[in-house]
Student: 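I have a structure here, written as structure tokens, and I will follow up with some questions on it.
Start at 1 and go down the list; that is how both ligands and their atoms are numbered.
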Amino acid sequence: MASEIIKQIADYLVAAEVEKREVFKVTKTIKPDLTVEEAYQAQEILVQKKLDEGHRIVGPKMGLTSKAKWDQMGVSEPIYGYVFDYMLIDNGGVLPFSDLIHPKVEAEIAFLIGEDIEGPGITGAQVLAKTEYVLPALEIIDSRYENFNFTHMDVIADNASTSRVVFGNTLRKPSEFDLELVGATLSINGQIKELGAGAAVLGHPANAIAVLANMLARKGEKIKKGEIILSGALTSAVLLRVGDFISGKFDGLGEVTFSVGE
Ligand code: OOG
Ligand code: MG
């Protein structure tokens, strides 16, 4: 059973998201000695609140899976969170800036899972064998914390900064690619801001999904058939502004775009 203080952490972060305002990190305001286990408990409560409101999980997601992200955020251990249906934006669609706090965008490779994947002991090769399709994606992260300033524990409790996702429309069989060699560019208003390759994500993006399966196994859960899972940003995240046009191009996987409205 989660203690009152863990429930308080979940309430604090849900309120920040709903009220679209940044808050000080939990390890500063509520519980300086928050453990990883407690942080995931707070995340679970936050996820359950969204489910109770009628939102549906699209899939878990991985974060902090590349050196670019570790260097940018100062946190170098992979984490997971959950993407919900209300977070989806159509490819080519508009992100209303006023819905969020201080959004940033990331280029990612997503996996549409064809068969349940149950850890522990899962490898990237096993993930690929159970992946129906891979697709390109842009994730919009929006940490509820002031200036994206957080520790490993804080960001876990905050559902790994998850906020919005734009999936590409092209589905490809993973066997058609060497995913570690898939190059990607992230452009804003026609200018390339970041670039990378699949290998930036733990050597191969399927490894990130394997880590996820193995982490979920600790709480007796598995990756489920039909989930669409982000494997984590290939590059640093880029801050968004009203009027921006964002394009992520992935070699062989296609392009994903959106614009930022008011
Ligand atoms: C945490 C979320 C990181 C990724 O792809 O690495 C993430 C953050 O940087 O705010 O989604
Ligand atoms: Mg991400």
Student: Counting each atom of ligand 1 from 1 as listed, which ones have a heavy atom of Met73 under 4.0 Å away?
Tutor: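 Contacts of ligand 1 toward Met73, numbered from 1: 9 (O).
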Student: Quick check: is Val47 connected to Tyr86 through a chain of hydrophobic side chains (ILVMFWY, heavy atoms under 4.5 Å apart)?
Tutor: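 Hydrophobic grouping puts Tyr86 with Val47.
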Student: For atom 10 (O) of ligand 1, which protein heavy atom lies nearest, and how many Å away is it?
Tutor: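 Protein heavy atom at minimum distance: Ser161 OG, 2.6 Å.
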Student: To the nearest 10°, how many degrees is the angle Glu139 OE1 to the Mg ion (ligand 2) to Glu106 OE1?
Tutor: 100°
Student: Is the cationic atom of Lys173 (NZ for Lys, CZ for Arg) positioned less than 6.0 Å from the six-membered ring centroid of Tyr133 and within 45 degrees of its normal?
Tutor: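 Flagged: Lys173 positioned over aromatic ring of Tyr133.
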Student: Numbering the atoms of ligand 1 from 1, which are under 4.0 Å from a heavy atom of Phe148?
Tutor: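 Listed by number with element, the hits are 10 (O).
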Student: If you measure from the Lys or Arg side-chain nitrogens to the Asp or Glu carboxylate oxygens, is any gap between Glu115 and Lys222 under 4.0 Å?
Tutor: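 No salt bridge links Glu115 with Lys222.
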Student: Before signing off on this row, confirm whether Leu64 and ligand 1 have an N or O atom pair separated by under 3.5 Å.
Tutor: yes
Student: Please write down residue, atom name and distance for the protein heavy atom closest to atom 2 (C) of ligand 1.
Tutor: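 So the nearest neighbour among protein heavy atoms is Ala160 O, 3.2 Å.
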Student: Does any N or O of ligand 1 fall below 3.5 Å from an N or O anywhere on Thr65, backbone included?
Tutor: no
Student: For ligand 1, indicate whether the residue Glu139 contacts it via side chain, backbone, both or neither (heavy-atom separation under 4.0 Å).
Tutor: side chain
Student: Taking only heavy atoms of Lys61 into account, list the atoms of ligand 1 that are under 4.0 Å away from them.
Tutor: 2 (C), 7 (C), 11 (O)
Student: Would you call Lys31 and Asp33 a salt bridge, using N to O less than 4.0 angstrom?
Tutor: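 Counted as a salt bridge, because a side-chain N and a carboxylate O are separated by less than 4.0 Å.
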Student: Looking at Val155, which atoms of ligand 1 are within less than 4.0 Å of one of its heavy atoms?
Tutor: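 Matching atoms, with element in brackets: 1 (C).
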Student: Is the ring pair Phe148/Phe150 parallel, tilted or perpendicular, if the boundaries are 30 and 60 degrees?
Tutor: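 Because their plane-to-plane angle lies in the 30° to 60° range, the rings of Phe148 and Phe150 count as tilted.
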Student: Is the shortest distance from a Lys or Arg side-chain nitrogen in Lys28 or Asp154 to a carboxylate oxygen in the other one below 4.0 Å?
Tutor: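 Judged by the 4.0 Å cut-off on N to carboxylate O distance, Lys28 and Asp154 do not form a salt bridge.
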Student: Please confirm whether Glu108 comes under 4.0 Å of ligand 1, counting heavy atoms of the residue only.
Tutor: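 Judged by the 4.0 Å heavy-atom criterion, Glu108 does count as contacting ligand 1.
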Student: Salt bridge or not for Glu53 and Lys50, using N-O below 4.0 Å?
Tutor: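 Salt bridge between Glu53 and Lys50, a charged N being under 4.0 Å from a carboxylate O: no.
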Student: State if Ser143 counts as touching ligand 1 under the rule of any non-hydrogen atom under 4.0 Å.
Tutor: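 It does not, in that no heavy atom of Ser143 comes within the 4.0 Å cut-off of ligand 1.
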Student: Using a 4.0 Å cut-off to any heavy atom of Ala233, which atoms of ligand 1 qualify?
Tutor: 4 (C), 5 (O), 6 (O)
Student: Could you list which atoms of ligand 1 come closer than 4.0 Å to a heavy atom of Ile141?
Tutor: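 Selected atoms, number and element: 8 (C), 9 (O), 10 (O), 11 (O).
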Student: Below 4.0 angstrom from a heavy atom of Gly232, which ligand 1 atoms are there? Numbered from 1 as shown, please.
Tutor: 5 (O)
Student: Show me which atoms of ligand 1 lie under 4.0 Å from any heavy atom of Lys69.
Tutor: 3 (C), 4 (C), 6 (O), 8 (C), 9 (O)
Student: Would you call Lys225-Asp116 a salt bridge at under 4.0 Å N-O?
Tutor: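 Salt bridge between Lys225 and Asp116, a charged N being under 4.0 Å from a carboxylate O: no.
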Student: Can we say Lys67 and Asp71 salt-bridge, meaning some charged N sits less than 4.0 Å from an Asp/Glu carboxylate O?
Tutor: yes
Student: With the Mg ion (ligand 2) as the point of reference, which N/O/S atom of Glu108 is the closest?
Tutor: OE2
Student: Can a non-hydrogen atom of Ala237 be found less than 4.0 Å from any atom of ligand 1?
Tutor: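 The answer is no, since Ala237 has no heavy atom less than 4.0 Å from ligand 1.
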Student: Would Lys69 and Glu106 pass as an ion pair if we require N to O under 4.0 Å?
Tutor: yes
Student: I'd like to know if Lys61 pairs up with Glu139 as an ion pair, taking the criterion as any Lys NZ or Arg NE/NH1/NH2 lying under 4.0 Å from an Asp or Glu carboxylate oxygen.
Tutor: yes
